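These notes concern the structure reproduced below.
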Amino acid sequence: MLVIFLKNIINNEIRRIWPKIDMPDFFVERLELSGYGDYYSNVAFVVSKELGSAPSVVALDLAREVQRYNCIEKIEVADPGFFNIYVDEEILNGLIPVVLAKNVEYGSRAMKGKRVLIEFVSANPTGPLHIGHARSAFLGDVLSRLLKKVGYEVSKEYYINDFGNQVEILANSIYKEYCALHGVEFSVDEEYSGGYIKEIAKEMAKKEGSRWTSCEYLPHFIEVGVLKNLDRIKKDLRGMHIEFDSWFSESELYEKGIVEEVMNIYRSKNLLYEANRSKEGGEAIRRDGSKSNEFSFRKEGGLFLQTSKYGDVEDRVVRRKNGTSVYLLADIAYHMEKFKRGFDSILNLWGADHAGHVGRLRAGIRALGLDDSKLEFILVQMVKLMKEGKDIKISKRAGSIIELQELVREIGEGASRILFMHRSPNSQFVFDIEKMKEGSVNNPVCYFSYGLKRMYALVEKSSYNGFFFNRSNYRLLREERELLKKVSIYHSVLEVAANLKEPHRILFYCQDLISAFHSYFSRYRNNDKILSADREKSKIRVGLIISLKIIVESSLQVLGIRV
RNA sequence: GCUCUCAUAGCUCAGAUGGAUAGAGCAUUGGUUUCCUAAACCAAGGGUCAUAGGUUCGAAUCCUAUUGAGAGCGCCA
């Protein structure tokens with residue numbers, strides 16, 4: 001807020017002094033205790049490029065004018081053109097009543113009238129959520145909260161892959177166990193193993209007897225298997241306070257004819273051709289272990305879409321020779337459906353292992369004549385699991401998964417959120433299970449809640465009556481100035497985090513704020529008490545502490561952390 | 001072979017838009033509590049920002065090359 005205010009002042013003066021230049025894109029940011037002032041701007045560097053004169057000259061010219069504002073104590077210009085702003089104390093004090101008035105709504109922006117669809121998790125309904133899904137789950141949830149906070153209308157969606165090979169493997173895996181329970185042998189090529197498969201089989205055997213051992217079982221087992229896993233996923237998510245607005249089923253895309261609609265559009269645009277191999281693909285060099293080599297026997301030719309015309313590296317098959325559709329086609333249909341619903345922005349949180357899929361989906365969307373700039377992908381890097389220094393592989397087939405719910409139960413939801421929100425989405429993540437357990441002893445949530453507890457204690461002890469006035473002769477302490485400066489950048493922190501889709505910035509900010517408070521508290525608790533008989537002093541200080549409390553609570557709300 | 005992501009303290013990680021002395025937590029060492037209670041604070045040590053060039057007033061950040069790590073290069077979803 002204050003930062004924006006300062007920016008506006010500088011903007012005004014630039015327009016007055018150099019009316020002819022284009023409004024430059026500069027920033028104002030808070031400075032740590034450094035002897036260089038309260039805020040710093042790069043404005044002189046940017047403007048000097050525009051004017052062709054030296055930054056220090058520009059800075060001095062600008063400083064002379066900006067200095068005249070009451071809220072500016074002084075401007076210092078340092079070589080080669082740093083523009084250092086010292087603000088008047090009144091302006092910092094003035095933040096307190098604003099924060100108090102807005103309470104936890106502080107930092108929220110008015111609705112922008114923009115609708116965002118965010119799709120995340122979307123784990124296949126072939127097993128429970130595991131640690132590999134955690135990052136996408138928490139990131140998506142927090143991002144939704146953040147986008148809402150800064151004024152977007154947000155819809156959260158989960159895409160259910162309830163069609164095709166994977167769910168057939170699921171059904172067969174359950175069926176195998178089901179048959180075994182009735183003493184019938186049934187063998188499968190690929191299967192999922194794990195307790196949950198046996199449980200579903202057991203339940204079906206109990207409820208439905210042996211009637212499926214000798215008839216067409218597949219559709220029924222797919223249906224039940226998907227349903228059971230989905231129930232479980234929904235329950236786990238709810239347990240972590242992650243709620244979705246909609247659940248979109250892949251098989252409905254077929255049932256409702258949306259896939260066919262896409263095919264018709266392509267057909268009418270003459271973008272399809274029958275072939276054994278992609279025209280552009282040629283003989284791509286693949287590494288030996290490439291799955292493309294491994295599965296080359298499955299390439300039998302079919303109907304290709306000319307995605308290479310729309311930015312993809314090669315054309316892609318969309319319908320196999322046997323007439324069945326490929327996953328990509330359904331995904332294009334799904335995204336066309338998203339576009340139809342009229343969102344201004346369509347966000348997809350995908351695992352980095354789907355990175356290769358982005359280009360062809362984009363191409364497919366462009367081929368439909370849709371504006372793919374509305375489509376944004378956030379690729380979440382994989383989590384590398386370690387235990388006692390050794391790698392662990394997550395595999396549903398081998399049944400070696402660590403359930404997400406297990407983690408949350410073990411260390412708590414708040415700590416889990418912090419764990420996954422404590423790094424930027426595109427950093428690789430080494431997750432050591434032993435260390436995680438150590439971490440639970442030293443739980444960062446405690447740091448937050450203890451900070452809040454101290455704030456509450458102070459407020460309760462004071463005779464704060466909900467009434468605040470900022471006229472006062474009290475001079476802020478250095479620490480109090482710094483705290484208020486931190487308060488002043490809350491809006492920018494939210495804005496940057498939202499723009500870059502990097503909510504971890506809020507966590508770091510919040511942690512920094514609390515740490516500064518703890519430091520302040522410890523320093524003055526014994527001598528020169530924070531609360532004293534000096535009513536004016538106490539009043540300002542209580543106001544400051546309530547402001548901090550509000551910002552911490554607001555940040556935690558965005559992060560979905562309950563303390 | 002090609003594409004994407006990444007490499008910062010002993011460990012786990014922050015450092016958007018190039019800015020002043022590169023930060024935090026954990027770990028290590030030492031210190032601090034007559035309740036606004038220490039789940040905290042203070043202090044110290046710890047760095048060739050992977051390497052080598054380049055761009056410029058100025059680079060952890062941008063460009064090029066090299067090395068190393070992860071992911072992808074399926075008519076699986």
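Given the structure is predicted, the values throughout are model-derived calculations rather than measurements. In what follows, chains are A, B, ... by sequence order, proteins preceding strands, each numbered from 1.
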With the six-membered base ring of B/rA20 as reference, does the ring of A/F82 sit under 5.5 Å away with planes under 30° apart? yes

Over how many whole Å does the gap from A/Q511 atom CD to B/rA14 atom P extend? 13 Å

Among B/rC76, B/rC57, B/rA20, the nucleotide that comes nearest once only the side chain of A/F45 is considered: B/rC57

Report which part of the nucleic acid A/F83 touches: base, sugar-phosphate, or nothing (heavy-atom distance under 4.0 Å, all strands). nothing

Atom P, compared across B/rU21 and B/rC2: separation rounded to whole Å: 41 Å

With sequence neighbours left out, write down each residue that passes salt bridge (charged side-chain N to carboxylate O under 4.0 Å, His left out) with A/R423, or none if nothing qualifies. none

Considering every strand and a 4.0 Å limit on heavy-atom distances, what is the contact class for A/F163: base, sugar-phosphate, or nothing? sugar-phosphate

Give one of base, sugar-phosphate or nothing for A/D162, where a contact means two heavy atoms less than 4.0 Å apart. nothing

OP1 or OP2 of B/rC6 less than 4.0 angstrom from a side-chain nitrogen or oxygen of A/N426, does that happen here? yes

When we call it a touch if two heavy atoms are under 4.0 Å apart, what does A/H354 touch: a base, just sugar-phosphate, or nothing? base

What orientation do A/Y509 and A/Y490 show, parallel under 30°, tilted 30 to 60°, or perpendicular over 60°? parallel

Look at all strands and tell whether A/S449 reaches a base, only sugar-phosphate, or nothing, counting heavy atoms closer than 4.0 Å. nothing

Would you say A/R454 reaches B/rC35's phosphate, i.e. side-chain N/O to OP1/OP2 under 4.0 Å? no

note: A/Y450, atom OH; B/rC35, atom C1'; distance rounded to Å ~ 10 Å

Just to be sure I understand the rule, does A/D312 reach a base, reach only the sugar-phosphate, or reach nothing, if contact means heavy atoms closer than 4.0 Å? nothing

For the side chain of A/L500, starting at C-beta, report the closest nucleotide among B/rG15, B/rA16, B/rA77. B/rA16

Ignoring hydrogens and angles, answer whether the base of B/rC76 and the side-chain atoms of A/Q166 contain a donor-acceptor pair closer than 3.5 Å. yes

Applying a 4.0 Å non-hydrogen cut-off, can you work out what A/E250 is touching in the nucleic acid: base, sugar-phosphate, or nothing? sugar-phosphate

Nucleotide nearest A/N165 when distance is taken to its side chain, options B/rA16, B/rA20, B/rC76: B/rC76

Is a donor-acceptor pair below 3.5 Å formed from side chain A/N84 to base B/rA20, judging by atom type as modelled? yes

Among B/rA40, B/rG19, B/rC13, which is the nearest nucleotide to the side chain of A/F508? B/rC13

Students often mix this up, so state it plainly: with edges at 30° and 60°, are the rings of A/F508 and A/H422 parallel, tilted or perpendicular? tilted

Exceeds 12 heavy-atom contacts within 6.0 angstrom, atom CG of A/D25: no

Under 4.0 Å between a side-chain N/O of A/S424 and OP1 or OP2 of B/rA14, yes or no? yes

Does A/Q381 make a side-chain donor-acceptor contact with the base of B/rU5, cut-off 3.5 Å? no

What is the distance, rounded to the nearest whole Å, between atom CZ of A/F429 and atom C1' of B/rA69? 17 Å

Give A/R319 one of three labels, base, sugar-phosphate or nothing, depending on what nucleic acid heavy atoms sit under 4.0 Å from its own. nothing

Whether the side chain of A/R562 engages the backbone of A/E413 through a donor-acceptor N/O pair (distance < 3.5 Å, no angle test) should be reported. no

More than 12 heavy atoms of other groups within 6.0 Å of A/E376 CD: yes

Could you list the residues that satisfy side chain to side chain donor-acceptor pair (under 3.5 Å) with A/R135, not counting sequence neighbours? A/S427

Read 5' to 3' with Watson-Crick or G-U pairs under 3.5 Å, [ ] for crossing pairs and | for partners on another strand, RNA chain B gives (((((((..((((.....[...)))).(((((.......))))).....(((((..]....))))))))))))....

Could you work out which one of B/rG19, B/rU17, B/rC6 sits closest to the side chain of A/P80? B/rG19

Output the rounded distance in Å from CZ (A/F377) to P (B/rA71). 22 Å

Please confirm whether the backbone N or O of A/E119 pairs with a side-chain atom of A/N348, one donor and one acceptor, at under 3.5 Å? no

Could you check how far CD of A/E168 sits from P of B/rA77, rounded to whole Å? 9 Å

Take atom CD of A/Q428 and atom P of B/rA14, then tell me their distance rounded to the nearest Å. 11 Å

Can you tell me if A/Y447 touches the phosphate of B/rC41, counting only side-chain N or O atoms and a distance under 4.0 Å to OP1 or OP2? yes

Are the ring of A/Y36 and the base ring of B/rA20 both nearer than 5.5 Å at their centres and tilted by less than 30°? yes

d(CG, A/L31; P, B/rU21) in whole Å: 13 Å

Which class fits the ring pair A/Y334 and A/Y159: parallel under 30°, tilted 30 to 60°, perpendicular over 60°? parallel

Minimum-distance nucleotide to A/H518 side chain [options: B/rU37, B/rA77, B/rA40]: B/rA40

Any chance the rings of A/Y36 and A/F82 have centres within less than 6.0 Å? no

Counting the atoms with a prime plus P, OP1 and OP2 as sugar-phosphate, which does A/S427 contact under 4.0 Å by heavy atoms, base, sugar-phosphate, or nothing? sugar-phosphate

Rounded distance in Å between the C1' positions of B/rA52 and B/rG68: 15 Å

Identify whether any heavy atom of A/A352 sits under 4.0 Å from a base atom; if not, whether one sits that close to sugar-phosphate; answer base, sugar-phosphate or nothing. sugar-phosphate

Closest to the A/H357 side chain: B/rA14, B/rA77, B/rG19? B/rA77

So, for A/Y327 and A/H357, is the gap between ring centers shorter than 6.0 Å? yes

Using a 4.0 Å heavy-atom cut-off, does A/E29 contact any base of the nucleic acid, only the sugar-phosphate backbone, or nothing at all? base

Interatomic distance at P, B/rA27 relative to B/rC11, whole Å: 16 Å

Taking the side chain of A/R423 as its heavy atoms from C-beta onward, which of B/rA20, B/rA77, B/rU12 lies nearest to it? B/rU12

Taking the side chain of A/S519 as its heavy atoms from C-beta onward, which of B/rA77, B/rC6, B/rC41 lies nearest to it? B/rC41

Starting at NZ of A/K49 and ending at P of B/rG58, how long is that distance when rounded to a whole Å? 12 Å

